[in-house]
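Have a look at the structure below before the remarks.
Letters go in sequence order (proteins before strands), and every chain restarts at 1.
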Amino acid sequence: MILKVFMTNLEIAKLLRNVAASYTIKDEKKYRFQIIAYQNAADSIEHSITELKDLQRENRLNELAGVGSTIKEYLAELLKEGKVNHFSSILKGVPESVFPLLDIPSFGPKKAYKLILAFKLKNPETVIKDIENLSKKGKVANIEGFGEKSEKDILRAITEYKIGKNKTVRMVLPYAIEQAQKIIEYMEKSKDVIEVSTLGSLRRMVSTIGDIDIAVSTNNPKKVIEYFISYPAKERIVEKGGTTASILVSGGKQIDLMTQPPESFGSLLQHLTGSKAHNVHLREYALKKGFSLSEYGIKRKIENEKWKMENYSEEKSFYNAIGLEWIPPEIRENTGEIELAVSHKLPKLIELKDIKGDLHLHSNFPIEPSHDLGTDTFEAMIEKARELGYKYLGFSEHNPSVSKHTPFQIYDIIAKRNERIEQINLSIKDIRIINLLEVDILANGNLALNDKTLDKLDAVIVSIHSGFSMNKELMTKRILAGLSHPKAKILAHPTGRKINERKGYDVDFNKIFDFCKENNKALEINSFPSRLDLPDTQVRQAVDLGIKMIINTDSHTAWQMTNMRYGISVARRGWAKKDDILNSLDYNELIAWIQKK
DNA sequence: GCCGTTTTCGGCCCGACTGTTTTCAGTCG
């Protein structure tokens with residue numbers, strides 16, 4: 001039997017990029033649109049949260065946005081046969097040694113091919129090393145189209161690539177926000193800076209960030225750029241022009257700065273916030289209406305093939321000028337928002353101020369838990385809740401360790417905790433405490449506590465904390481079994497992913513969604529920076545299916561309760577409205593939901 | 001190769017910056 005090794009999404013995306021690169025090398029003009037199509041397909045597959053082989057098996061390849069029928073057929077062939085004849089014929093004639101170079105920033109197909117050809121480099125295994133050596137010997141500078149400077153740039157690019165400086169470990173959102181805040185505060189100290197904003201994926205609040213993009217409103221871009229490139233944490237200047245500049249800061253992260261005068265600041269924000277797909281779609285739509293969009297403003301087609309430019313200081317008036325309502329940055333991903341903005345039917349997304357409580361909190365109550373205990377008292381967390389303007393809280397420490405206690409001991413601990421919570425509810429009026437617990441779903445699908453103990457609680461949050469590698473069918477059964485307990489109302493961090501650490505467990509979410517919908521169960525949007533789970537794309541599915549969600553912080557200390565805003569951004573990216581989110585309800589409404597069978 | 005609010009055919013976003021050039025090619029977002 002032949003063991004079939006399936007390609008991962010990243011490998012497939014790389015293959016498609018190689019196809020695009022081959023087209024570029026062979027005849028960029030002739031294949032211009034094929035190149036775009038293959039690059040779009042590669043992007044789409046890279047961003048897919050499901051492995052292609054799973055999509056294929058489940059007959060869901062059509063869910064890949066931006067991949068058309070032709071490439072989809074090739075992908076099906078690839079997954080079935082392990083190769084695609086059409087791809088092979090495109091790749092034929094382009095030396096394999098070109099492709100490794102494309103992973104190095106500043107190397108594109110043309111440059112790589114030129115060097116390969118000039119030095120007759122055939123070996124893809126050694127090509128990077130070969131070019132490095134040739135650059136060191138000064139041979140590259142002699143090639144037509146290259147010079148001493150570009151030779152130096154090549155050497156540096158290879159060096160940085162080799163030490164993994166630009167290895168794309170993306171920043172988790174809160175880390176990126178922290179970095180951005182520092183540079184924003186620095187920029188605001190310049191008297192030439194009128195206004196500063198984030199741009200790009202950071203402004204869209206994507207859960208992981210590559211580069212930090214910053215917009216500055218100024219009448220003196222030259223001075224602002226000089227000021228920017230003297231940022232104390234700067235390691236080196238990547239580029240510097242009349243209106244934009246880029247620097248690398250410690251940790252190898254790149255910060256890009258774009259400037260416009262205040263009268264065009266809205267245009268700048270608009271031009272550089274959307275995802276590539278959003279931008280392309282919007283600009284194409286506008287073009288058909290006779291508008292050309294850029295960071296300078298809107299060019300309007302007037303008579304005799306002439307254009308008239310209008311600036312926009314506000315982003316809202318920019319959108320309005322082409323007949324759209326303003327689109328919140330979080331949903332500028334080209335997933336239907338442009339069409340709805342045209343018809344002025346965008347949903348009103350949930351906001352931080354809509355949140356009235358947080359139901360996933362770990363205090364330091366000595367519950368002798370199976371997992372980590374919180375570090376702050378009930379009182380400290382209540383005080384924090386007051387600060388945040390909340391009306392209720394749910395304490396939900398992990399259940400007492402099952403292996404270290406008898407069921408009777410566990411009952412006893414819970415009884416003591418109940419007393420404390422009852423006392424608190426008697427002593428304070430402004431905030432109501434809901435008596436919850438985060439209970440493990442054991443490998444067999446049972447909850448970690450018996451019914452007698454569970455009866456002492458208002459409800460429980462259930463979650464997986466062991467046996468992550470279970471197969472899909474078993475894991476799905478396990479979760480549904482746990483959720484089916486009448487006291488189980490919320491599934492915490494439903495996919496179990498940890499950003500940059502581990503993928504989620506293998507679960508059939510269609511079944512989870514159906515079950516929640518039919519049985520009045522809620523899915524958590526966990527705001528913890530490394531979780532952000534449910535992920536935004538699945539929030540969108542849940543919203544479309546009418547499943548209720550709750551945004552919790554999973555705080556283990558009081559200050560972490562401010563992480564709520566990250567959960568909000570995930571919910572907004574998933575198009576969640578106030579009535580999709582349970583902790584926007586008043587206390588009585590929420591209790592009614594909890595008690596509803 | 002993709003795609004549909006004037007289209008199933010005929011279009012396809014917009015600009016910055018660098019280095020090697022004297023007007024542009026290549027890369028990037």
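- For CD of A:Glu325, the number of neighbouring non-hydrogen atoms (other residues, nucleotides, ligands) closer than 6.0 Å is greater than 12.
- A salt bridge is defined here as a Lys NZ or Arg NE, NH1 or NH2 lying under 4.0 Å from an Asp or Glu carboxylate O, and A:Glu73 with A:Lys80 fails to meet this definition.
- Within 6.0 Å of the CD atom in A:Glu144, the count of heavy atoms belonging to other residues, nucleotides or ligands does not exceed 12.
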Audit row: A:Thr218, A:Asp192, side-chain hydrogen bond (donor to acceptor under 3.5 Å, both in side chains) steps and yes/no: CA-CA 6 Å; A:Thr218 178; A:Asp192 295 301; 5.5 Å; no
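- Relative orientation of the A:Tyr186 and A:Tyr227 rings is parallel, given thresholds of 30° and 60° on the angle between their planes.
- Using a 4.0 Å heavy-atom criterion, one finds that A:Gly242 contacts the sugar-phosphate atoms exclusively.
- Between A:Tyr74 and A:His86, the ring-plane angle classifies as parallel under the 30° and 60° cut-offs.
- Residues passing the side-chain hydrogen bond (donor to acceptor under 3.5 Å, both in side chains) test with A:Glu188, sequence neighbours excluded: none.
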Intermediate values then yes/no, side-chain hydrogen bond (donor to acceptor under 3.5 Å, both in side chains), A:Asn311 and A:Ser264: CA-CA 5 Å; A:Asn311 302 126; A:Ser264 300; 3.1 Å; yes
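- Taking a 4.0 Å limit (strictly below) on heavy-atom distances, residues 26-34 of chain A reaches DNA chain B at A:Phe33, A:Gln34.
- From the 5' end on, the contacts that DNA chain B makes with chain A at under 4.0 Å to a non-hydrogen atom open and close at B:dG1 to B:dG29.
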Using a 3.5 Å cut-off and no angle test, enumerate the donor-acceptor pairs between side-chain atoms of residues 239-252 of chain A and protein atoms at least two apart in sequence or in another chain.
from	atom 1	to	atom 2	distance (Å)
A:Lys240	NZ	A:Glu226	OE2	2.9
A:Ser246	OG	A:Asp256	OD1	2.7

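- Between A:Glu81 and A:Lys83 there is no salt bridge, since no side-chain N of the basic residue sits under 4.0 Å from a carboxylate O of the acidic one.
- In the region residues 256-288 of chain A, proximity to DNA chain B at under 4.0 angstrom, judged on heavy atoms, holds for A:Val280, A:Arg283, A:Glu284, A:Leu287, A:Lys288.
- Only A:Gly145, A:Phe146, A:Gly147, A:Glu148, A:Lys149, A:Ser150, A:Asp153, listed by number, bring a heavy atom of residues 138-155 of chain A to less than 4.0 angstrom from any atom of DNA chain B.
- Shown here, B:dT8 forms no base pair; nothing in the strands shown gives a Watson-Crick or G-U wobble contact with both key distances under 3.5 Å.
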